[in-house]
Amino acid sequence: MHSRPFLFQVRRPECLEMIPVLTALEEILARARLLETEQIFLSDAGGRVLAGPLCSPSDLPRFDRSAVDGYAIAQDDPAELFEVLGEIRAGEPSLYQIKKGQAVRIFTGAMLPQGAGQVVMQEDILIERDKIRIIRSSGASHIRQRGEDAREGEVLIPSGRRLGPAEMALLAGVGEVRPKVRMMPRVVHLVSGDELVDPGEEPVGAEIRDSNSILMSEMIKVGGARLILQERVPDGLNPFLEVLQKVGQDAYDILLVSGGASVGAYDFGRALLLKLEFEIHFEQVNLRPGKPFIFGSRGRQLAFVLPGNPVSHWVVFGLFIRPLLGAMMGLSLTDETHIASLEEDFFYQPNPRPTFWPARARLQSDHLMVTALPWQSSGDLTGIVGSNAWICLPSMASSHRKGDKVEVRLLGHL
Ligand code: AMP
Ligand code: MG
C-alpha cells in the first residue's frame, strides 16, 4: 500500500465558491502567455501555428500559363488554318513568337508563348497535315494569368493560422521551407487513482482500466501541445512530488492532474498544487459535468486538477484547456457556438448547473441539425463516442421537442 499521510487533512474552506464557466475561462486566458517562436523544417510544421503572415514572394502564378492541353493562338485570330510552329511542354522555356495564322502546341501548365491571346482546346481542332483547323470555339481563353491567384506581397496565410495539409502545400508552393511557428506548450500529465490498471491488463475486483491517459494524450495532440511526460501515479502526495522532481521545475508550461479534484478523502489535487507553491485561482466551476476543477498558477506555469470522470475530462479539456493551448500558440480563436434544430425530442432532468450534453450535429441543406446522445453519467464513455458537439443547456433548462432551437458548440469539423 502507498502511504497516505497528513495530506488528506489539509484544511479546506467551509464553502467553496463555484464560479461561472465564462469567468473561469477568463481567469485562465488572462494567464495564458504567448509562447516564443521557432523556425522549423516544413516537414515538421504540420499542425503548428504560423507566427507571422505568409506573404507571397511573387505573383501567383509567376507567369501566364495554359490551363488546358491545346494550341496557343493570337487573340481573336480569324484565320481558318493555322501553321503549327512547334510545342511547349510544362517546365520548358517559351521560345516562340506567335503571329496571326500561327499556333503553338501547348500543354497544361506550360508557359504561354509571346503573342498568344488564347488557347484552343485539343478537342476543338482538327489536324490537317502540318496545320490545324478550329472546328469549335468555347469562347474561353484557357489562360491562367500571371498574378491571378495572388499578387506579390499579398498575404497568403494570416498569422495565427494552424497549418493543415492545404497550408503546408501552399508553403511548399512558394518555397517557404523553414516557416516560423509558435513553440508548442509543454504538458505534463499525471494520472491519479489506485483503482486504475493499464488498458492492456485485466482488472481485478473493483479495479478499472485507465482510459483518461489515452483520452488526454489524444486531446493534447489535437490541441497542438507536446506531452513531455505522462505517468500513472499512486494516490498520495509524495508519489506525485517524486515524479515531478524527475521532470524538473521549469520543464513544463502546463501541469495536468487527472483525478483528485474533488473533496473526497483521497482527493489531494489542491494539496499538491499548494505544496508545489502554485497559487490557486478557483476550485469549482458551475458546469456539468466537471464541477470540481482546480486551476492554479506559479509564475508562467499553469496547473489544472481535473475530475477523474472521462466525460468531465472531455468537457473540461474542450471548454478550458484547448482554448488555453490555442491562446499560448497565438491561434486566432473562433466562436464555435451555433444555433441548431433538434432532430429528436430531448428529455432530461432540469439541473441547476449549466450542462454540456454530448451530441451529434450535422448539416442538412445549410441548416445545422443536432441530436442529443444517450448520456447517463459523467463516467460513461459511450456517451462521447460519436459526439462532435455539445448542446449547451442553461441552468434549469426544461426538456426540448424535436425542431426546437438549441445552442450547440461544435468540436472540430462536422
Ligand atoms: P476522482 O475524480 O479521482 O474521484 O475519479 C472520479 C471517477 O472517475 C472514479 O469513478 C474513477 O474511477 C474514475 N476515473 C478516475 N480516473 C480514471 C481514469 N484514468 N480512467 C478512467 N476512469 C477514471
Ligand atoms: Mg481518484
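Worth saying up front: this structure is predicted, and the values here are computed from it rather than measured. Atoms within a ligand are numbered from 1 in the order they appear, just like the ligands themselves.
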Which residue and atom name correspond to the protein heavy atom nearest [atom], and how close is it?
atom                    : value
atom 16 (N) of ligand 1 : N212 ND2, 3.5 Å
atom 4 (O) of ligand 1  : D267 OD1, 3.9 Å
atom 9 (C) of ligand 1  : E195 OE2, 4.0 Å
atom 2 (O) of ligand 1  : G308 N, 2.7 Å
atom 7 (C) of ligand 1  : N309 OD1, 3.3 Å
atom 19 (N) of ligand 1 : D210 OD1, 2.7 Å
atom 22 (N) of ligand 1 : I208 CD1, 3.5 Å

Between [X] and [Y], is any side-chain donor less than 3.5 angstrom from a side-chain acceptor?
X    : Y    : result
R31  : H281 : yes
S258 : H189 : yes
Q145 : R65  : no

Hey, does S211 come in under 3.5 Å of ligand 1, counting only N/O atoms on both sides?
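For ligand 1, there is an N or O atom that lies under 3.5 Å from one belonging to S211.
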
Between ligand 1 and S258, can you find any atom pair, the residue atom being a heavy atom, that is separated by under 4.0 Å?
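Contact absent.
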
Report yes or no: does a heavy atom of P307 sit under 4.0 Å from some atom of ligand 1?
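So P307 counts as touching ligand 1.
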
If the threshold is 4.0 Å, N to carboxylate O, is there a salt bridge linking [X] and [Y]?
X    : Y    : result
D210 : R232 : yes
K246 : E242 : no
E38  : R182 : no

How far does CD1 of I157 sit from CE of M168, to the nearest 0.5 angstrom?
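Between I157 CD1 and M168 CE, I get 10.0 Å after rounding to 0.5 Å.
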
With a 6.0 Å cut-off on the ring centroids, do F304 and F293 count as close?
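That pair passes the under 6.0 Å test.
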
List every atom of ligand 1 that sits less than 4.0 Å from any heavy atom of [X], numbering the atoms from 1 in the order shown and giving each element.
X    : answer
G259 : 2 (O), 3 (O)
V191 : 19 (N)
R209 : 20 (N), 21 (C)

Shortest non-hydrogen contact from S94 toward P113:
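For S94 versus P113, the nearest heavy atoms are OG-CA, 2.9 Å.
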
